[in-house]
Visitor: 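What follows is a structure written as C-alpha cells; I'll ask about it next.
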Amino acid sequence: MAADDVAGEAFLADCRARVAFDLLANTWNSVVLWALRDAPERPGELRARIGGISAKVLTETLRRLEFNGLVERRSYAEAPPRVEYALTPLGRTLLPSLEALGEWGFRHGDAVLEAQDRSLDQN
C-alpha cells in the first residue's frame with residue numbers, strides 16, 4: 001500500500017497502517033527506538049540516557065519491541081553476564097518517521113502546550 005492509499009483506508013482492525021499507529025501509540029516505544037539509533041546499549045545505560053523510565057517499563061518496552069522485530073537482544077557469555085539491545089534493520093526503517101515526528105514536536109510543541117493550557121483554563 002502506498003502512502004497515498006492510506007488516506008482512503010478505513011483503518012479496519014486488520015489494516016497494516018494500524019500496526020504502525022499501534023506501535024507509535026506507546027510513548028516509550030518511540031523513545032527507546034530513538035535512543036538506540038546510534039549504537040547498541042545495555043539496559044542500565046539506556047535507562048540513564050532516557051531518564052524518567054522505570055526498569056520495569058524499560059524491560060516491558062524492550063520485550064514489546066523485540067516481539068515486533070524492531071529490536072534485538074544480544075547476550076554475551078561473560079562474567080558477569082552482559083546484555084545489549086540494538087535496532088534491527090526493520091527498526092531502523094522507523095527512524096526517519098520518528099525524526100519527522102520529533103521535528104514536528106519542536107516546531108509545534110509550544111502551540112500544543114498553549115492549547116492544553118487554554119483548555120484547562122476553560123474547565
Side-chain angles (χ1 to χ4, degrees):
M1 174 184 294
D4 292 342
D5 295 336
V6 173
E9 273 297 312
F11 298 118
L12 303 173
D14 62 348
C15 173
R16 293 299 181 248
R18 283 195 50 185
V19 170
F21 298 150
D22 288 344
L23 283 170
L24 296 179
N26 181 292
T27 300
W28 293 114
N29 285 354
S30 298
V31 172
V32 171
L33 289 169
W34 191 251
L36 288 170
R37 73 189 179 283
D38 293 326
E41 294 216 30
R42 297 172 74 167
E45 296 165 346
L46 197 53
R47 188 166 168 239
R49 185 167 175 211
I50 291 171
I53 187 170
S54 69
K56 178 183 181 233
V57 171
L58 177 59
T59 298
E60 291 169 352
T61 302
L62 289 166
R63 287 182 181 159
R64 183 172 45 253
L65 294 172
E66 186 179 14
F67 173 80
N68 285 288
L70 304 175
V71 165
E72 69 179 348
R73 181 180 189 271
R74 299 175 183 162
S75 298
Y76 298 91
E78 299 174 349
R82 181 169 58 107
V83 174
E84 288 182 339
Y85 289 88
L87 291 179
T88 63
L90 181 61
R92 291 203 163 281
T93 65
L94 279 171
L95 293 178
S97 298
L98 294 177
E99 184 172 19
L101 283 171
E103 288 174 7
W104 183 92
F106 281 114
R107 261 186 257 142
H108 304 288
D110 289 340
V112 171
L113 293 173
E114 289 169 11
Q116 291 172 357
D117 287 344
R118 283 193 306 273
S119 180
L120 290 174
D121 290 342
Q122 292 173 2
N123 291 330

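Along the sequence shown, the residues carry numbers beginning at 1.
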Visitor: How close do Gly69 and Thr88 get, heavy atom to heavy atom, and via which atoms?
Guide: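 Shortest heavy-atom separation between Gly69 and Thr88 comes out as O-OG1, 2.6 Å.
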Visitor: Who else is in Val112's hydrophobic cluster (ILVMFWY, side-chain heavy atoms under 4.5 Å, direct or via others)?
Guide: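 In the cluster with Val112 are Trp104.
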Visitor: Any Lys/Arg nitrogen of Glu103 or Arg107 sitting under 4.0 Å from an Asp/Glu carboxylate oxygen of the other?
Guide: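 A salt bridge links Glu103 with Arg107.
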Visitor: Take Asn68 and Asn29 through the test side-chain contact (heavy atoms from CB on, under 4.5 Å) and record every step on the way to the result.
Guide: CA-CA 11 Å; Asn68 285 288; Asn29 285 354; over 6 Å; no
Visitor: Report yes if the side chains of Leu24 and Leu98 come closer than 4.5 Å at any heavy-atom pair, otherwise no.
Guide: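 Yes, their side chains come closer than 4.5 Å.
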Visitor: Quick check: are there more than 12 heavy atoms from other residues, nucleotides or ligands sitting under 6.0 Å from CZ of Arg63?
Guide: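 For Arg63, atom CZ is not crowded (no more than 12 foreign heavy atoms under 6.0 Å).
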Visitor: Would you say Leu36 and Leu65 make side-chain contact, with heavy atoms under 4.5 Å?
Guide: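 When only atoms from C-beta onward are counted, Leu65 and Leu36 do not touch, as no gap falls below 4.5 Å.
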Visitor: Starting at CZ of Arg92, measure out to CG of Leu94 and round the result to the nearest 0.5 Å.
Guide: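 Arg92 CZ to Leu94 CG: 11.5 Å, rounded to 0.5 Å.
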Visitor: Taking atom OH of Tyr76 as the centre, does the number of heavy atoms from other residues, nucleotides or ligands within less than 6.0 Å exceed 12?
Guide: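 Atom OH in Tyr76 is crowded, with more than 12 foreign heavy atoms closer than 6.0 Å.
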Visitor: Between Lys56 and Glu60, does any NZ, NE, NH1 or NH2 come within less than 4.0 Å of an OD or OE carboxylate oxygen?
Guide: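 Judged by the 4.0 Å cut-off on N to carboxylate O distance, Glu60 and Lys56 do form a salt bridge.
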Visitor: For the residue pair Glu41 and Ala35, what are the closest heavy atoms and their distance?
Guide: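 Distance-wise, the nearest heavy atoms are OE2-O, 3.8 Å.
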Visitor: Would you call Val31 and Ile53 a side-chain contact if the rule is heavy atoms closer than 4.5 Å?
Guide: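 SC-SC contact between Val31 and Ile53 ruled out.
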Visitor: Please answer whether the main-chain N or O of Ala55 pairs with a side-chain N or O of Thr59 as donor and acceptor at a distance below 3.5 Å.
Guide: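 The answer is yes, because a donor-acceptor pair under 3.5 Å joins these two groups.
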Visitor: For the backbone of Leu95 and the side chain of Arg37, can you confirm whether one donor and one acceptor N or O come within less than 3.5 Å of each other?
Guide: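 No.
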Visitor: Check whether any side-chain heavy atom of Leu87 sits under 4.5 Å from a side-chain heavy atom of Val71, and report yes or no.
Guide: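 Yes, close enough: below the 4.5 Å cut-off.
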Visitor: Do we see a donor-acceptor contact under 3.5 Å between the side chains of Glu66 and Tyr85?
Guide: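 There is no such pair between these side chains.
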Visitor: Is there a side-chain contact between Leu62 and Arg73, using heavy atoms and a 4.5 Å cut-off?
Guide: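 Side chain of Leu62 against side chain of Arg73, heavy atoms only: no contact under 4.5 Å found.
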Visitor: Out of curiosity, Leu58 CG to Leu46 CG, how far, rounded to the nearest 0.5 Å?
Guide: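 Here the rounded value is 5.0 Å.
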Visitor: Please name the pair of heavy atoms, one in Arg47 and one in Ser54, separated by the smallest distance, quoted to 0.1 Å.
Guide: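 Looks like NE-C, 3.5 Å.
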